[in-house]
*Asks:* 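Just dropping this structure here.
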Amino acid sequence: MWSTAHSEALDVGLPVPIEIRIVRSARRLRLRFDDVRGMLKLTCPPRTSRRAALAWALDQRDWIEHQLARAAPLEPFAPGALVPIEGVETLIMWRPDLPRTPMLVDGELRCGGPEGSVPRRIEAWLKKRAVEIMSRDVADYAAAAGVAVRSVAVGDAGTRWGSCSSDGRIRLSWRLILGPPDVRQYVVAHEVAHLRHMNHGPEFKAFEATLFGPGLAQAKAQLRRLGPRLRRIGRG
């Protein structure tokens with residue numbers, strides 16, 4: 001146990017440091033993001049163990065990423081902006097005489113037509129690309145896992161990068177197409193692995209590691225680091 005005066009800042013694998021404090025009057029664990037100091041503040045009741053408090057905070061990772069995304073500037077799809085496509089920073093180049101359907105040419109995402117509809121058309125193009133590429137990823141991992149996938153779809157869930165159902169339906173965030181291939185493929189492998197083990201127990205973790213191969217920890221860490229920005233892109 002800690003004394004009520006205890007307070008410390010730690011780096012425990014979260015995107016930002018976390019300060020943990022014991023408060024005599026606290027009745028439950030409470031986590032908030034201090035955007036001025038760029039850190040998390042975890043308030044704990046007096047008789048909370050340090051290990052339990054940190055484990056609880058680590059379970060709030062999706063909420064933490066959401067707070068970080070809200071705190072940083074949004075990055076709309078606007079002419080002249082740089083956005084990552086499969087991890088490569090790409091210039092959005094708009095001219096009214098170019099084709100309306102975006103095209104990836106020489107490191108530029110070129111788009112024509114009315115300027116006001118550029119964001120909508122770029123997002124639609126990215127979603128289509130996401131479905132095509134991630135469907136191939138899913139097929140490759142499903143074949144390696146020896147499982148059947150019924151369908152692959154994309155969405156934009158606020159706190160999840162992917163999900164799967166027991167009947168083989170996989171849904172992935174289209175925003176993964178913005179990140180590097182290994183980050184995208186980690187999420188795909190994770191969801192495919194769930195078709196063998198619908199939990200996060202030891203057998204699942206071992207199978208996920210085998211299915212993805214070397215670099216699993218690095219891909220997870222990279223997604224934690226890049227995730228807040230990926231959620232900001234195309235908004236505003």
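We number each residue from 1, following the sequence as shown.
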*Asks:* Is a salt bridge present between E132 and R136, judged by a nitrogen-to-oxygen distance below 4.0 Å?
*Replies:*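 Looking at E132 and R136, the cut-off is not met.
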
*Asks:* Using side-chain heavy atoms (C-beta onward) and a distance below 4.5 Å, is L29 in contact with P45?
*Replies:*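 The answer is yes, as the side chains (C-beta and beyond) meet within the 4.5 Å cut-off.
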
*Asks:* Identify the two heavy atoms, one from L195 and one from C164, that lie closest to each other, and give their separation to 0.1 Å.
*Replies:* CD2-SG, 4.1 Å

*Asks:* Please determine whether a side-chain nitrogen of the Lys or Arg among E65 and R61 lies less than 4.0 Å from a carboxylate oxygen of the Asp or Glu.
*Replies:* no

*Asks:* Is there side-chain contact between I133 and E86, with heavy atoms separated by less than 4.5 Å?
*Replies:*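 With C-beta onward as the side chain, the pair touches.
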
*Asks:* Any side-chain to backbone donor/acceptor pair from S49 onto A52? Under 3.5 Å, distance only.
*Replies:* yes

*Asks:* Side chains of R160 and S173: closer than 4.5 Å at any heavy-atom pair?
*Replies:* no

*Asks:* Using 0.5 Å steps for rounding, measure from the OH atom of Y186 to the CG atom of L176.
*Replies:* 10.5 Å

*Asks:* Working to the nearest 0.5 Å, report the span between CE of M103 and SG of C111.
*Replies:* 9.0 Å

*Asks:* Indicate, with yes or no, if V138 and F204 share a hydrophobic cluster defined by side-chain heavy-atom contacts under 4.5 Å among Ile, Leu, Val, Met, Phe, Trp and Tyr.
*Replies:* no

*Asks:* Please give me the minimum heavy-atom distance between A130 and V154, naming the atom from each residue.
*Replies:* CB-CG1, 4.2 Å

*Asks:* Taking 4.0 angstrom as the limit, do D156 and R175 come out as a salt bridge?
*Replies:*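 Salt bridge between D156 and R175, a charged N being under 4.0 Å from a carboxylate O: yes.
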
*Asks:* Looking at the rings of F33 and H66, which for Trp means the six-membered one, are their centres under 6.0 Å apart?
*Replies:*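 Between F33 and H66, the centre distance exceeds or equals 6.0 Å.
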
*Asks:* Is it the case that R171 places NZ or CZ above or below the six-membered ring of W161, under 6.0 angstrom from the centre and within 45 degrees of the axis?
*Replies:* no

*Asks:* Given side chain to side chain contact (heavy atoms under 4.5 Å, CB included), test L40 with E19 step by step and report yes or no.
*Replies:* CA-CA 6 Å; L40 295 161; E19 180 182 86; over 6 Å; no

*Asks:* Are the side chains of L42 and R30 in touch, meaning some heavy atoms are under 4.5 Å apart?
*Replies:* no

*Asks:* If you take all heavy atoms of A57 and I64, which pair is closest and at what distance?
*Replies:*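 Shortest heavy-atom contact: O-CD1, 3.9 Å.
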
*Asks:* Which hydrophobic side chains are connected to L98, either touching it within the sub-4.5 Å cutoff or through other members that do?
*Replies:*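 Cluster partners of L98: M93.
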
*Asks:* Do the non-hydrogen side-chain atoms of L31 and W56 ever get within less than 4.5 Å of each other?
*Replies:* yes

*Asks:* Rounded to the nearest 0.5 Å, how far does CG of L230 lie from CD of E75?
*Replies:*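 Output value for this atom pair is 9.5 Å.
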
*Asks:* Can you find a heavy atom in the side chain of R100 that is under 4.5 Å from one in the side chain of R121?
*Replies:* yes

*Asks:* Look only at the side chain of W94 and the backbone of G80, and say whether a donor-acceptor pair between them is shorter than 3.5 Å.
*Replies:*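 Side chain of W94 to backbone of G80: no pair is present.
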
*Asks:* Looking at T48 and C44, would you say the former's side chain and the latter's main chain have a donor-acceptor pair under 3.5 Å?
*Replies:*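 Not confirmed, T48 side chain does not pair with C44 backbone.
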
*Asks:* Classify the ring geometry of F212 against Y141: parallel below 30°, tilted from 30° to 60°, perpendicular beyond 60°.
*Replies:* parallel

*Asks:* Testing the basics here: between P84 and I233, what is the closest heavy-atom pair and its distance to 0.1 Å?
*Replies:*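 Where P84 meets I233 most closely, the heavy atoms are CD-CD1, 3.3 Å.
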
*Asks:* Show, in sequence, the C-alpha distance, side-chain angles and deciding distance for R129 and L104, and conclude whether the side chain to side chain contact (heavy atoms under 4.5 Å, CB included) test is met.
*Replies:* CA-CA 11 Å; R129 187 179 182 92; L104 195 57; 3.9 Å; yes

*Asks:* Would you say W63 and I20 are hydrophobically clustered, going by side-chain heavy atoms of ILVMFWY under 4.5 Å?
*Replies:*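 The answer is yes; both residues are in one hydrophobic cluster.
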
*Asks:* Any chain of hydrophobic side-chain contacts (each under 4.5 Å) joining I18 to L58?
*Replies:* yes

*Asks:* Is there a side chain to side chain contact (heavy atoms under 4.5 Å, CB included) between F77 and L109? Walk through the geometry before answering.
*Replies:* CA-CA 11 Å; F77 295 132; L109 187 57; over 6 Å; no

*Asks:* Quick test of your reading of the model: are E89 and R229 salt-bridged, counting only N-O distances below 4.0 Å?
*Replies:* yes

*Asks:* Listing request: all salt bridge (Lys or Arg N to Asp or Glu O under 4.0 Å) pairs with a residue in residues 190-213, at least two apart in sequence or in separate chains.
*Replies:* E208-K220

*Asks:* If you compare all heavy atoms of G107 against all heavy atoms of T90, which two are closest, and at what distance to 0.1 Å?
*Replies:* O-CG2, 3.4 Å

*Asks:* Does the side chain of P228 come within less than 4.5 Å of R231's, by heavy atoms?
*Replies:*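 SC-SC contact between R231 and P228 ruled out.
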
*Asks:* To the nearest 0.5 Å, tell me how far L216 CG sits from L211 CG.
*Replies:* 10.0 Å

*Asks:* Is E123 close to P119 at the side-chain level, that is, under 4.5 Å between some pair of heavy atoms?
*Replies:* no

*Asks:* With rounding to the nearest 0.5 angstrom, report the CZ to OG distance, R169 to S151.
*Replies:*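 Taking CZ in R169 and OG in S151, the distance rounds to 5.0 Å.
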
*Asks:* What's the spacing between T43 OG1 and R27 CZ if we round to 0.5 Å?
*Replies:* 13.0 Å

*Asks:* Indicate, with yes or no, if L91 and L126 share a hydrophobic cluster defined by side-chain heavy-atom contacts under 4.5 Å among Ile, Leu, Val, Met, Phe, Trp and Tyr.
*Replies:* no

*Asks:* Kindly indicate, with the supporting measurements, whether the criterion ring-ring contact (aromatic ring centres under 6.0 Å, His included) is fulfilled by F207 and H194.
*Replies:* CA-CA 9 Å; F207 184 68; H194 274 311; over 10 Å; no

